[in-house]
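Read through the structure below, which is laid out as structure tokens, and then see the notes.
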Amino acid sequence: MKSAMEEDPPGSSQTTASQLNLPPSMMNRPTVSLETSRINRLIDSNHYHSPSKPIYSDRFIPSRSGSNFALFGLEPSPKKDGKEEAAGSYAGLLRTALFGPETPEKRDVVTGFSPSRNIFRYKTETQRPVNSFSPFGSDEAPGVSRTPAKSPRKILRSAYKVLDAPALQDDFYLNLVDWSAQNVLAVGLGNCVYLWNACSSKVTKLCDLGIDDSVCSVGWALRGTHLAIGTSCGTVQIWDAARCKRIRTMEGHRLRVGALAWSSSVLSSGSRDKSILHRDIRSQEDHVSKLTGHKSEVCGLKWSYDNRELASGGNDNKLFVWNQHSTQPVLKYCEHSAAVKAIAWSPHLYGLLASGGGTADRCIRFWNTTTNTHLNCVDTNSQVCNLAWSKNVNELVSTHGYSQNQIVVWKYPTMSKLATLTGHTFRVLYLAVSPDGQTIVTGAGDETLRFWNVFPSPKSQSRESKIGASSFGRTTIR
């Protein structure tokens with residue numbers, strides 16, 4: 001007679017001890033005396049399990065509820081009882097608690113994606129805060145810390161350094177401050193030009209024009225140590241600042257020269273005589289071309305970063321754009337209602353030009369010179385004296401005169417105010433940017449130069465400028 005371990009229950013397949021993967025200790029267990037009753041139990045119930053005997057298996061049986069049978073053309077097994085339904089309900093509640101009600105239903109995953117769903121699609125319309133993914137149903141879940149939002153960059157509202165600048169003129173049409181690539185600041189004070197080394201704070205008197213002349217503009221060459229000086233007599237002088245030696249004097253204008261702009265070896269000068277002269281310092285001629293078009297004094301002059309376009313602003317309320325070879329403006333903008341001194345080309349977007357109008361205008365306007373379109377206009381409620389873009393971030397700074405005498409840092413293109421800086425008691429007529437692009441210096445008729453940290457560095461927005469931001473105090477430039 002076969003033992004109970006060798007019996008084949010009705011309707012079942014042949015099963016041996018090796019197929020059941022039983023350990024040797026169980027394979028050698030003696031036969032139970034009540035074999036007949038055990039066989040009856042096996043016949044009566046296909047679901048009977050001995051509570052005292054562990055079940056051994058070497059197979060992993062995955063959960064069929066999460067399998068996508070439709071991918072293989074198979075039909076899922078029918079439910080035998082309410083256990084799978086209960087498990088599905090619990091999984092649905094857990095999924096809702098963890099990910100919210102917007103999570104796709106289980107049937108969407110099992111039976112396939114609906115046609116309207118895209119794989120790896122960013123679903124920004126259903127984004128929620130990090131703390132909303134809490135299974136506890138509370139904003140303050142135990143052990144879950146909030147991720148702080150990135151705070152806006154902090155800009156100090158006060159100047160970190162002030163220089164006394166006696167005899168700094170309160171004249172809207174002059175340009176008396178410029179900052180070189182070698183970190184040297186040039187300032188025109190009366191009939192003299194002084195140099196302030198931002199690294200050592202050393203002050204050097206470069207020149208004295210005499211009692212019959214005065215400084216109207218200064219402009220550093222893009223490279224090297226050459227400084228151009230425009231005078232009230234209409235001449236332009238070129239100085240080697242490293243040797244404190246004048247190289248040459250160029251004639252051509254009949255009246256004062258209030259605007260200067262360099263383009264490689266070409267120096268452009270704008271005058272009260274309404275003309276613009278191009279001067280190639282390699283040539284023996286005083287000027288190589290003359291541009292005419294303005295009906296009043298030229299007070300603003302800036303070359304684009306690629307040196308292909310020159311923008312000029314005048315007291316005739318006009319903004320002109322010239323190319324390298326034109327003697328007449330190729331673009332004319334007449335929307336301003338006051339003198340246009342503030343001009344700045346964007347270093348980030350090709351052909352983007354910003355301009356600011358005087359007291360009767362008070363607006364900053366943006367132009368696309370590539371498509372010849374007017375992009376935007378912002379009313380600042382104050383005379384716009386200067387504009388300068390940051391080379392590190394897409395921001396710009398403006399300085400103002402009547403009636404608020406403030407300095408404003410703007411975010412482009414939204415033109416939202418990042419900071420408003422005050423301290424000058426007169427119109428902020430002069431502006432220059434440090435070579436690292438982080439610091440600006442402003443000058444006013446209150447005879448002070450003030451230094452402000454307004455822009456971040458290209459690598460780290462928290463690193464201080466290298467020009468001596470830790471040296472607080474007030475000194476004199478002469």
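- Other residues, nucleotides and ligands place more than 12 heavy atoms under 6.0 Å from the CZ atom of Arg248.
- Note: Phe366 and Trp389 have perpendicular aromatic rings, judged against thresholds of 30 and 60 degrees for the angle between ring planes.
- The local environment of OH in Tyr305 is crowded, with over 12 non-hydrogen atoms from other residues, nucleotides or ligands closer than 6.0 Å.
- Listed by chain and residue number, Asp240 satisfy the side-chain hydrogen bond (donor to acceptor under 3.5 Å, both in side chains) test with Thr225 (two or more places apart in sequence, or in another chain).
- Judged by distance alone, the side chains of Gln328 and Thr292 do bring a donor and an acceptor atom under 3.5 Å apart.
- Heavy atoms of other residues, nucleotides or ligands lying less than 6.0 angstrom from NZ of Lys318 number more than 12.
- In terms of heavy atoms, Leu429 sits closest to Gln169 at CD1-O, 4.2 Å.
- When all heavy atoms of Lys341 and Leu174 are compared, the pair lying nearest together is NZ-O, 3.0 Å.
- By the side-chain contact (heavy atoms from CB on, under 4.5 Å) test, Ser265 is found to be paired with Asp280, Ile281, Arg282, residues two or more places apart in sequence or in another chain being considered.
- Counting non-hydrogen atoms of neighbouring residues, nucleotides and ligands closer than 6.0 angstrom, the CZ atom of Arg308 reaches no more than 12 such neighbours.
- Between Tyr333 and His374, the ring center distance fails the sub-6.0 Å criterion.
- Ser275 and Ser271 share no side-chain donor-acceptor pair at under 3.5 Å.
- Below 30°, between 30° and 60°, or above 60°: for Phe451 and Trp179 the angle between ring planes is above 60°, a perpendicular geometry.
- By the side-chain hydrogen bond (donor to acceptor under 3.5 Å, both in side chains) test, Asn386 is found to be paired with Thr399, residues two or more places apart in sequence or in another chain being considered.
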